[in-house]
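Counting from 1, the numbers follow the sequence of the chain as shown. As the structure is a computational prediction, the values presented were derived from the model and not from experiment.
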Amino acid sequence: MVGISAVLFSCNKQESVAPDLATSESPKMELSIKDVEIQDGVLKFASKDHVKKVTREIGIMSNMENWYANFEFSSLLKRQNAITQSEYDQIGKTGEFGKLSDILTFRGKGDDIILDKIVDDPRFAAVLNSKGYVIIVDSAYHIGSTQVASIKIDENKSNLLNFLNNINIEDVKFNKIINESLTTARLQDYQRTDGKRRIIAEFKKHNAGVYNSLVVRLRYLKKNWIGWSGTEAASLSFSASGTYWKGMDNDIPFSGSASGTNVEEVTYFVDEAYLFMGWGGASGNASWSPAVNGVSSITFYPE
């Protein structure tokens, strides 16, 4: 079972996880993609619930990176998808991110270091601009590798422009991000490694304050000089089902699947849940090609 952290705020100082960074939201109404606005190249949403509804709409699209048809906006997802294999390989050799330092990071430690996207939920990356910014109600936010930076903008346009140029300015608040895999125990064999290839199935929780998600993900990785990074598999496929607990709501059922060819990962979105308490009877069955260590399928469970 996963615990819940308390929250405090202070200026220019990292604190614990925030359940609600958008402190003032507009009244609930039926909002959708057509209601998204743009300001200085950054998308503006009426509430966190509006963000949630839009990401759900994006999630069923075949082209998530170009969902917002306005030349002023270029999504973080589009920038992520443009990273080449040679760029990944160069980072794997040197450990230097260069111009990609604001969208890639290393996670894990020891033999389990993985080169990863700072925002690895593609639906959320699709609503952030290419530098990781979004506006919700009267505040602007920047999503970093370990923290969310936020500032009130109201009608003060200079606040937004200054924030877009530098997140370390006066009146900016910082909050910690949770981005963790609720992995299976080793004895359940969720992770297969074969020399320079690895397959990982994971139940994952992401909390960036303004957006939260639970996902199930299957990844195909290759070994680099420094850590591991995603690489194309001929095919990846899994199905998962069970229940989860959210706040006072216990045993919410879920069931879904994901598959792809010539991809490095596939993801199923379970929920956009902050008050996540744990999984009940959840499991998944995954298969992939080529085989890793002679194995091409597993059953995996949350810890």
Side-chain angles (χ1 to χ4, degrees), residues 7-26 31 33 35-52 54-55 58 65 67-68 70-80 82 97-105 117-179 206-213 272 274:
V7 57
L8 296 171
F9 287 106
S10 67
C11 294
N12 296 309
K13 182 179 179 182
Q14 181 174 312
E15 299 287 356
S16 55
V17 177
D20 191 351
L21 294 181
T23 54
S24 59
E25 296 193 0
S26 50
L31 297 172
I33 282 177
D35 300 299
V36 178
E37 301 176 3
I38 190 167
Q39 183 175 343
D40 294 310
V42 183
L43 297 187
K44 183 175 182 180
F45 296 82
S47 66
K48 289 197 300 179
D49 189 59
H50 188 198
V51 175
K52 182 192 301 184
V54 169
T55 56
I58 294 172
E65 68 179 43
W67 67 275
Y68 192 77
N70 187 306
F71 72 93
E72 293 182 51
F73 177 73
S74 182
S75 72
L76 178 61
L77 181 61
K78 184 175 183 178
R79 186 178 170 205
Q80 289 175 346
F97 293 104
K99 65 181 181 180
L100 300 174
S101 61
D102 60 331
I103 62 174
L104 295 177
T105 188
K117 302 175 186 70
I118 287 175
V119 179
D120 59 11
D121 185 326
R123 297 188 306 176
F124 189 39
V127 303
L128 300 174
N129 81 346
S130 62
K131 294 292 186 179
Y133 288 89
V134 67
I135 300 170
I136 302 177
V137 196
D138 57 359
S139 294
Y141 301 87
H142 176 263
I143 310 301
S145 59
T146 60
Q147 58 189 8
V148 182
S150 64
I151 190 170
K152 290 280 188 180
I153 55 174
D154 299 315
E155 300 302 318
N156 189 343
K157 190 172 183 179
S158 65
N159 267 6
L160 175 59
L161 294 177
N162 290 336
F163 185 58
L164 294 178
N165 289 322
N166 180 12
I167 63 171
N168 296 301
I169 59 176
E170 189 177 359
D171 297 327
V172 171
K173 297 178 180 179
F174 292 88
N175 271 84
K176 182 180 177 182
I177 287 175
I178 289 177
N179 195 354
H206 183 261
N207 176 7
V210 295
Y211 175 81
N212 314 285
S213 63
E272 302 86 0
Y274 172 70

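Listed by chain and number, the residues in a side-chain hydrogen bond (donor to acceptor under 3.5 Å, both in side chains) with Ser213 are Asp121 (sequence neighbours excluded). With sequence neighbours excluded, the residues that form a side-chain contact (heavy atoms from CB on, under 4.5 Å) with Ile118 are Thr105, Ser145. Considering only residues two or more places apart in sequence or on other chains, Glu72 meets the side-chain contact (heavy atoms from CB on, under 4.5 Å) condition with Ile38, Asn70. Residues satisfying the salt bridge (charged side-chain N to carboxylate O under 4.0 Å, His left out) criterion with Lys117, sequence neighbours excluded, are Glu264. Residues that satisfy the ring-ring contact (aromatic ring centres under 6.0 Å, His included) test with His142, not counting sequence neighbours, are Tyr133. Tyr68 pairs by the ring-ring contact (aromatic ring centres under 6.0 Å, His included) definition with Phe73, not counting sequence neighbours.
Of all non-hydrogen atoms in Ser139 and Lys152, the two that sit nearest each other are OG-CD, 3.4 Å. Minimum interatomic distance between Ile169 and Asn159 (heavy atoms only, all atoms of both residues): CD1-O, 4.4 Å. For the pair Ile153 and Ala140, the tightest heavy-atom approach, listed with the atom from each and the gap, is CG2-CB, 4.1 Å. Scanning all heavy atoms of the two residues, the minimum distance from Val134 to Val127 falls at CG2-O, 4.1 Å. The minimum heavy-atom distance linking Ala126 with Trp67 is given by the pair O-NE1, 2.7 Å. Annotation for Ile103 and Arg79: closest pair CG2-NH1, 3.4 Å, computed over non-hydrogen atoms.
The backbone N or O of Asn129 lies less than 3.5 Å from no partner atom in the side chain of Ser75, so there is not a single donor-acceptor pair. Within the 3.5 Å criterion, the main-chain N or O of Leu161 finds a donor-acceptor partner in the side chain of Asn165. Remark: the backbone N or O of Val119 is paired with a side-chain donor or acceptor of Gln80 at under 3.5 angstrom. Looking only at distances, a side-chain donor or acceptor of Thr55 sits under 3.5 Å from a matching main-chain atom of Val51.
Between atom CG of residue Leu128 and atom CZ of residue Phe124 there is a gap of 4.5 Å, rounded to the nearest 0.5 Å. Rounded to the nearest 0.5 angstrom, Ile143 CD1 and Asp102 CG are separated by 13.0 Å. To the nearest 0.5 angstrom, Gln39 atom CD is 4.5 Å from Ile135 atom CD1. A distance of 13.0 Å separates CG of Leu31 from NZ of Lys52, quoted to the nearest 0.5 Å. Atom NZ of Lys173 sits about 9.5 Å away from atom OH of Tyr141, to the nearest 0.5 Å.
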#### Entry: Stepwise side chain to side chain contact (heavy atoms under 4.5 Å, CB included) check, His206 with Asn212
CA-CA 5 Å; His206 183 261; Asn212 314 285; over 6 Å; no

### Task
Take Asn168 and Phe174, measure what side chain to side chain contact (heavy atoms under 4.5 Å, CB included) needs, and give me the verdict at the end.
CA-CA 10 Å; Asn168 296 301; Phe174 292 88; 3.5 Å; yes

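Between Asp35 and Lys44 there is no salt bridge, since none of the side-chain N atoms of the basic residue sits less than 4.0 Å from a carboxylate O of the acidic one. A salt bridge links Arg123 with Glu272: the closest approach of a Lys/Arg side-chain nitrogen to an acidic carboxylate oxygen falls below 4.0 angstrom.
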